[in-house]
Amino acid sequence: MIRVQKKPFDPGAETNLFLDRNSNSGGVASFIGQVRDFQDDTDQKISVLELEHYPGMTEKELGRICSAARARWPLDDASVIHRYGPMKPGDAIVMVFTASAHRADAFAACEFIMDWLKTQAPFWKRERAGTDTSWVDAKTSDDDRASRWTSDD
Amino acid sequence: MIRVQKKPFDPGAETNLFLDRNSNSGGVASFIGQVRDFQDDTDQKISVLELEHYPGMTEKELGRICSAARARWPLDDASVIHRYGPMKPGDAIVMVFTASAHRADAFAACEFIMDWLKTQAPFWKRERAGTDTSWVDAKTSDDDRASRWTSDD
Amino acid sequence: MSVTVLYFAWVKEKVGVGLESLSPPESVRTVSDLVDWLKLQSPSHAEAFSDLSQIRVAVDQVHGPFDAAIDDAKEIAFFPPVTGG
Amino acid sequence: MSVTVLYFAWVKEKVGVGLESLSPPESVRTVSDLVDWLKLQSPSHAEAFSDLSQIRVAVDQVHGPFDAAIDDAKEIAFFPPVTGG
């Protein structure tokens, strides 16, 4: 399941919904990304994060990433929920779930989806700190993490 | 936080409690292990899983595993909830959470805790399938996964 | 040829609009050709595309290289490296 | 020397009890010594410890090898390889 939405989601409720759909899977891995409260470079307190995205492509790209994960590992299920629009520090931006008979596959697929989402899903963050608003720069460390999966095997 | 308990726990509620305690962490990884419904070897349907443990040592061992994870990765938090006693297929047996500024650390620490828990925490599974009750054999694949972390670096 | 060109994040801010319906000449065959042609449309376009190392492209909602053929693409998008998650 | 010996899972079933308060002789200095002495206590003990490759040990609630010294340990536990999670 892929869901891209403006309104907040409840990570606990989503967890139980995913488990209900996958009660026969031995292992469920998940990752939750939260809005950070301080900027990397200026160390200033962030008041608002605004997330722009590319409607249409976002859902397709997340679907392609989940399909790639399911082609690579024996998964029972994989889900991504991603917000866009304005958010405040501590809000959940993204939640990824994977279900598999084996925990190693669930972990690997969950991290793979996050790594590819970070470098491929068309979202752009803009942070407001004090009176300044600035676009967040992409991290080369994210590219490095994503490229691990292509060089692995 | 380490919790070893007989009664069922609610993975969604635990997720929200962990997030509330760690709203400043950029990334939260989690793993949920569920009671499987079929035996590996006989392919028989499991009706009940009974989990015995070593009261006292269990809590200490889980604490040692979390401390080892926190010494190895920059974590904001790490939690383990583990049930014992009788359970039915689909029930959550174990839930592990890790919180960190960086997702790679959260993922690695969460998998490390699960791998060590599987080979070190004093729990023993007994499955009932039909009229037969049998102790579950330890898997060499679990030993292999745990030993990865000692040979890594 | 008629194509919808989309801009996101600071590329959109620099160009000044998020969407343009354009009809570039026949000679525009690749994404690179389109960028060269766009840079001639206004100083804002030229400014937005001044450093292509900071621009990514999607052709019909699929990531692609700058030398990708446009063919009968309906929608071409330009944006900075993504920063979601 | 007085020590509490605990058994879990099928080790407990084979021995027939989960806990024993025992006073092994002075000559019992390591976990291995204790196992050898336990095997003399009853046929069930001998049977439970017949294949040591399937037995793990904890001394005062810490995993240890069979050649670990007992010293003034209060609690020694024997059990099969663990299968939690």
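As the structure is a prediction and not an experimental result, all values here were calculated from the model. Below, chains carry the letters A, B, ... as their sequence lines are ordered, and counting in each starts from 1.
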Salt bridge (charged side-chain N to carboxylate O under 4.0 Å, His left out) pairs, two or more places apart, involving residues 130-143 of chain A: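 Matches after skipping sequence neighbours: A/Asp142-B/Arg103.
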
Contact listing (chain A partner; residues 78-85 of chain C; heavy atom under 4.5 Å):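 The list, in residue order, reads C/Phe79, C/Pro80, C/Pro81, C/Val82, C/Thr83, C/Gly84, C/Gly85.
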
Please flag which part of C/Glu13 lies under 4.5 Å from any non-hydrogen atom of chain A: side chain, backbone, both or neither.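 Side chain only.
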
Can you give the donor-acceptor pairs under 3.5 Å from side chains of residues 14-22 of chain C to other protein atoms, not counting sequence neighbours?
| unit_1 | atom_1 | unit_2 | atom_2 | d |
| --- | --- | --- | --- | --- |
| C/Lys14 | NZ | C/Glu47 | OE2 | 3.4 |
| C/Glu20 | OE1 | C/Tyr7 | OH | 2.7 |
| C/Glu20 | OE1 | C/His45 | NE2 | 3.0 |
| C/Glu20 | OE2 | C/His45 | NE2 | 3.4 |

Gap between atom OG1 of A/Thr119 and atom CZ of C/Arg56 - 0.5 Å precision: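 Taking CZ in C/Arg56 and OG1 in A/Thr119, the distance rounds to 10.5 Å.
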
So, taking the atom named OH in A/Tyr54 and the one named CD in C/Gln61, what distance separates them when rounded to the nearest 0.5 Å?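 One finds 4.5 Å between OH of A/Tyr54 and CD of C/Gln61.
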
Quick one: which residues of residues 86-100 of chain A reach chain C at under 4.5 angstrom, heavy atoms only?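 Heavy-atom contacts from residues 86-100 of chain A to chain C are A/Ile93, A/Val94.
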
At a heavy-atom separation under 4.5 Å, does [X] approach chain C through its side chain, its backbone, both, or neither?
| X | answer |
| --- | --- |
| A/Lys60 | side chain |
| A/Gln120 | both |
| A/Arg64 | side chain |

Would you indicate whether C/Asp72, at its atom CG, is surrounded by more than 12 heavy atoms from other residues, nucleotides or ligands within a distance under 6.0 Å?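 Open: at most 12 neighbouring heavy atoms sit under 6.0 Å from CG of C/Asp72.
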
C/His63, NE2 atom: more than 12 neighbouring heavy atoms under 6.0 Å: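 Atom NE2 in C/His63 is packed in, count exceeds 12.
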
Is C/Leu6 close to A/Met57 at the side-chain level, that is, under 4.5 Å between some pair of heavy atoms?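 With C-beta onward as the side chain, the pair stays apart.
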
Which heavy-atom pair separates C/Phe8 from A/His53 by the least distance, and what is that distance?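 Smallest interatomic distance, heavy atoms only, reads CE2-O, 3.4 Å.
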
